[in-house]
Amino acid sequence: VWAADKGEMVVDGVKFVGNVAGAGGGGLYSAVKVKATGCTFNGNKATLVGKAFGGGIRLDGVGTISDCVFTNNVSALYGGGLYVHNKAVATVTGTTFTGNKAANGGAVLSFGASTKIANTTMVANIATVMGGAVATNAPAGGTMDLRNCTIVGNSAPKLAGVEFNGVFRLFNTVIAGAKGGGADCG
């Protein structure tokens with residue numbers, strides 16, 4: 001699904017399975033206000049080398065993602081499950097990320113965006129460079145909040161749990177069990 005103009009989009013209980021996009025948003029790309037509830041993102045891919053952002057979702061607008069499942073999504077570059085782009089605003093709650101893969105941010109990568117993730121589980125996600133579960137890069141004032149999350153058993157050569165650069169806040173969150181030689185958090 002591609003939503004790049006004005007308006008709003010609501011997806012409720014939708015299954016995005018086995019979709020492929022070159023530059024991003026294998027399952028869903030949105031530059032408009034989007035609300036995804038109870039959706040499944042499974043086996044979606046963003047494949048364009050050097051420009052692949054978000055195997056499951058690429059978010060360039062305002063997004064609310066709740067009670068969704070992201071499984072086995074792949075991005076050749078950033079955000080295997082979810083990529084939140086420059087100045088976007090994302091709120092993720094009650095969601096599970098398992099088995100997603102990217103070069104950076106196996107489950108989630110937030111780049112210069114405001115991203116809040118709560119009551120969410122990230123297990124067995126893989127980054128081939130860093131940030132097995134989460135990677136954040138906030139060169140333009142972006143922020144990342146993790147609240148009441150469980151981030152366990154993710155892998156990357158560097159910073160296998162969470163990699164952060166910029167304003168990063170943790171509240172009542174477990175980050176443990178890094179695999180592949182990377183530290184849990186840094």
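Fair warning: this is a prediction, and the values are worked out from it, not measured in the lab. Heads up: numbering here begins at 1 and tracks the sequence.
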**OP:** Would you please test V162 and L170 for side-chain contact (heavy atoms from CB on, under 4.5 Å) and show each step?
**Re:** CA-CA 11 Å; V162 175; L170 291 171; 5.7 Å; no
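- With rounding to the nearest 0.5 Å, the separation of CG in N165 from CE in M130 is 9.5 Å.
- Note on V92: it clusters hydrophobically with M9, by side-chain heavy-atom contacts below 4.5 Å among ILVMFWY residues.
- No side-chain heavy atom of L159 sits less than 4.5 Å from a side-chain heavy atom of F164.
- A distance-only check finds no donor-acceptor pair linking the side chain of N104 to the backbone of L109 [under 3.5 Å].
- Between the N125 side chain and the N100 main chain, a donor and an acceptor come within less than 3.5 Å of each other.
- Cluster membership check: I126 does not share its hydrophobic cluster with V74, using side-chain heavy-atom separations under 4.5 Å among Ile, Leu, Val, Met, Phe, Trp and Tyr.
- Contact between G79 and A102 at its shortest, heavy atoms only, is N-CB, 3.7 Å.
- One finds the OG atom of S114 at 12.0 Å from the CG atom of N86 (value rounded to the nearest 0.5 Å).
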**OP:** For side-chain contact (heavy atoms from CB on, under 4.5 Å), just list the numbers for L82 and F97, CA-CA rounded to whole Å, side-chain angles, deciding distance to a tenth of an Å, and then say yes or no.
**Re:** CA-CA 9 Å; L82 170 65; F97 292 87; 4.2 Å; yes
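- You'll find the side chain of K116 stays beyond 4.5 Å of the side chain of T93, heavy atoms only.
- Summarising the hydrophobic clusters (Ile, Leu, Val, Met, Phe, Trp, Tyr; side-chain heavy atoms under 4.5 Å, direct or chained), the residues clustered with W2 are Y29.
- Checked by atom type and distance alone, the side chain of T71 never pairs as donor or acceptor with a backbone atom of N42 at under 3.5 Å.
- Here N154 contributes atom CG and T98 contributes atom OG1; the two are 9.0 Å apart, rounded to the nearest 0.5 Å.
- From L59, atom CG reaches atom OH of Y83 across 10.5 Å, with rounding to the nearest 0.5 Å.
- Smallest separation of non-hydrogen atoms from C68 and A36: SG-O, 3.7 Å.
- What you find for G27 and F16 is that their closest heavy atoms are O-CD2, 3.3 Å.
- The aromatic rings of F53 and H85 lie tilted to each other, with the angle between the two planes from 30° to 60°.
- Using a distance-only test at 3.5 Å, with no hydrogens or angles considered, a donor-acceptor pair links the side chain of N44 to the main chain of N19.
- For the atom pair CG of L28 and SG of C39, the computed distance is 8.5 Å after rounding to the nearest 0.5 Å.
- Under the 4.5 Å side-chain contact rule for hydrophobic residues, V89 and M144 do not share a cluster.
- Contact record, S75 with G54: OG-N, 3.6 Å, taken as the closest heavy-atom pair.
- Taken to the nearest 0.5 Å, the OG atom of S66 stands 11.5 Å off from the CG atom of N119.
- Remark: the backbone N or O of D12 is not paired with any side-chain donor or acceptor of T37 at under 3.5 angstrom.
- Residues A52 and A46 approach most closely at CB-O, 3.3 Å, considering heavy atoms.
- Hydrophobic cluster membership is shared by V1 and I57, with clusters built from Ile, Leu, Val, Met, Phe, Trp and Tyr side chains linked at under 4.5 angstrom.
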**OP:** Verify side-chain contact (heavy atoms from CB on, under 4.5 Å) between I117 and V108, making sure each step is shown before the conclusion.
**Re:** CA-CA 10 Å; I117 302 174; V108 177; 4.2 Å; yes
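- Although no hydrogens or angles enter the test, the distance criterion places no donor-acceptor pair under 3.5 Å between the side chain of N73 and the main chain of G26.
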**OP:** Test F70 against I65 for side-chain contact (heavy atoms from CB on, under 4.5 Å), laying out the working first.
**Re:** CA-CA 11 Å; F70 290 77; I65 299 165; 4.1 Å; yes
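- Listed by first and then second residue, the salt bridge (Lys or Arg N to Asp or Glu O under 4.0 Å) pairs involving residues 34-59 are R58-D60 (not counting sequence neighbours).
- The two residues G106 and A127 make their nearest non-hydrogen contact at N-CB, 4.0 Å.
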